[in-house]
Each structure stands twice: as structure tokens, then as C-alpha cells.
Amino acid sequence: MNANPFEGYRITSSFGYRIHPIHGGQTFHRGVDLVTEPWNGPVYAFLDGSVRFASEGQTGSGFGGYGLTVALEDHRGYLHCYGHLSRIAVKVGERVRKGQLVGYQGSTGQSTGPHVHYEIRKANSPSYGYTSSEKGVVEPGAYLLKEYGIVAQEEEGQPMTGEEKRMFTLMQKQLELQGSWIQEQKRLSNMSCPEWAQEALTYYRPYIKDNTGSYDFWRMLVIMYRKETGKQVKETD
């Protein structure tokens, strides 16, 4: 199981308290600092989202000192911020998919060298969700793992929520109607099938014509596959 959401990067400064590299003194680091090669290497979105900010961070904007920054709002309303970029590759209002280019690593703003500052804010307004308290952010690695389905992997015997049961029943019924519901759900999103859903995708291939869907779609497909076959699918992504 690959439990590293930052594969291809080196983490040079983790989430949490640290000695500030410029001002000194102990401060709370609201995200993680990631380094890739070359110094201006491409930076890709860790999750789907809509571009809320794509510019130089100015004092008072919520991105003061962040340099060239891209901020994507995800399906929960959380804001994923990519700071200190050398170039920006997206525009405000654009819909970005996981794995899509958002910019290039750099050292703009208050920075001691080329890297990407990546943080996840619990809100997107005001000031693009910036708060002086660490309570306004989440640990990026754990959040991504949950979204990717690793932390969210069900323990054996764990009951489905009411909403999941409703969706599961609907999916079963619609499979009997030539999989029309599946096709409609897939039309609404285009996340590539993750490794942990590949076996379920193969099983339901007669109803599914391509390899894209939403995270919730892939999760429910795996749940349905487990219920129908009695087999536990090992999630590997």
C-alpha cells in the first residue's frame, strides 16, 4: 500500500511547530514544504478543485508572503494552497482535476529557496480562509490520505452510514436497469479509477465504459462489489 500522498517530493518542513526560517522563534507551520527537481519543476493538483486564487499574495489578502499562489476549493469547501510558485498555470474560475498542472515550483514571496508550500484551510472566506490560529488548517498528508481512500478504508464489519445505504440500494437497483445510474454519476465527474477500485471496476466492466468517476462513485462501487461477492478488496492507493 502506498501511503505517501507526496510521492516525488521531499518534505523539507513538516506541519506543526518549528523555528521560523526567516524571522526565527517558534511558530506554527500551517502546511508542509515540498521540494521537487528541477528547481522550477511542475506542480500538480493533489485533489480536484475550483481555482479561487491565482496571483501574487499581497499583505492583507490572506496570502501575504506566499508569493505566487494558487488556491483550489475542493468539494468540502476546503482551500488547497500552493505557495511560492515561480509561474502559475491556471486561472480563477477554472475547474482543475487531480494531477493537473497548477504551476511551477519557485521561491517567490518570503522564501529561503525553491519549494512549494502546500496547506489546506478549512474555509475559503473571508481572506481566503486565513486565520491566525492553527485551528483554521488541517494536516495535509492525513487529509489527502483520507480523500484517496486509504484512511477511509472500512474496517471489517463497520456499518455503512444511512446515506451510503441509500446510495448502495440505488446502485443495486440501477444496475438491473443496464447501469444507467452509474453512467449518470460518471458523467458528473472524471477522477481516474484509483488502484483500490480496479478489481471492482473489472467486475462491473459490462456497465462501465471508461475509467473515470467521482471519489464517492469509486467508493460506492467497491462497497457494492464487497457486498455482492463477499470479497474484501485490498486498497493499494
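- The CD atom of Glu147 sits 9.5 Å away from atom CG of Asp48, with the distance rounded to the nearest 0.5 Å.
- A donor-acceptor contact under 3.5 angstrom links the side chains of His80 and Asp74, judged on distance only.
- Between the CG atom in Leu72 and the CG atom in Leu47 there is a gap of 9.0 Å [rounded to 0.5 Å].
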Apply side-chain contact (heavy atoms from CB on, under 4.5 Å) to Ser86 and Gln105, showing your working.
CA-CA 6 Å; Ser86 60; Gln105 180 177 263; 5.7 Å; no
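- For the pair Phe15 and Pro140, the minimum side-chain heavy-atom distance is below 4.5 Å.
- Annotation: the span from Leu85 atom CG to Glu56 atom CD amounts to 10.5 Å, rounded to 0.5 Å.
- The CG atom of Asp33 lies 13.5 Å from the OH atom of Tyr118; values are rounded to the nearest 0.5 Å.
- Checked against side-chain contact (heavy atoms from CB on, under 4.5 Å), Phe53 has the following partners two or more places apart in sequence or in another chain: Ser55, Phe63, Thr69, Ala71, Tyr128.
- Applying the ring pair (Phe, Tyr, Trp, His ring centres under 6.0 Å) criterion to Phe6, with sequence neighbours excluded, gives Phe46.
- Note that OG1 of Thr108 and CD1 of Ile88 are 8.0 Å apart. Values are rounded to the nearest 0.5 Å.
- By the side chain to side chain donor-acceptor pair (under 3.5 Å) test, Ser50 pairs with Arg95, sequence neighbours left out.
- Two residues are said to be in side-chain contact when any heavy atoms from C-beta on lie closer than 4.5 Å; Ser111 and His84 meet this criterion.
- Considering Val43, Val32, Thr36 as possible partners of Val116, the one that fulfils the side chain to side chain contact (heavy atoms under 4.5 Å, CB included) test is Val43.
- Between the side chain of Lys122 and the backbone N or O of Lys135 there is at least one donor-acceptor pair closer than 3.5 Å.
- Judged purely by atom type and a 3.5 angstrom limit, Arg97 has no side-chain atom pairing as donor or acceptor with the backbone of Ser192.
- With sequence neighbours left out, the side-chain contact (heavy atoms from CB on, under 4.5 Å) criterion links Leu101 to Pro42, Tyr44, Ala89, Tyr104.
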Evaluation steps, side-chain contact (heavy atoms from CB on, under 4.5 Å), between Arg121 and Tyr78
CA-CA 6 Å; Arg121 299 177 178 179; Tyr78 283 30; over 6 Å; no
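- Distance alone, capped at 3.5 Å, is enough to place a donor-acceptor pair between the Trp196 side chain and the Tyr148 backbone.
- For Tyr9 and His115, the gap between ring centers reaches or exceeds 6.0 Å.
- Residues forming a side-chain contact (heavy atoms from CB on, under 4.5 Å) with Asn124 (at least two apart in sequence, or on another chain): Arg52, Glu73, Leu79.
- Within the 4.5 Å cutoff, the side chain of Leu201 has heavy atoms near those of the Gln198 side chain.
- Annotation: ring pair (Phe, Tyr, Trp, His ring centres under 6.0 Å) contacts of His117 (sequence neighbours excluded): His29, Tyr66.
- Gly136 approaches Thr131 most closely through the heavy-atom pair CA-OG1, 3.4 Å.
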Could you please spell out the steps behind the side-chain contact (heavy atoms from CB on, under 4.5 Å) verdict for Arg30 and Phe28?
CA-CA 6 Å; Arg30 302 168 55 81; Phe28 190 87; 4.3 Å; yes
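- With Glu139 contributing its side chain and Ala142 its backbone, the two residues share a donor-acceptor pair below 3.5 Å.
- Atoms OG1 and CG, on Thr12 and Leu34 in that order, are 7.0 Å from each other to the nearest 0.5 Å.
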Using the rule given for side-chain contact (heavy atoms from CB on, under 4.5 Å), can you reason through Arg226 versus Val222, listing the C-alpha separation, both sets of side-chain angles and the distance that settles it, and then say yes or no?
CA-CA 6 Å; Arg226 291 173 176 169; Val222 169; 3.6 Å; yes
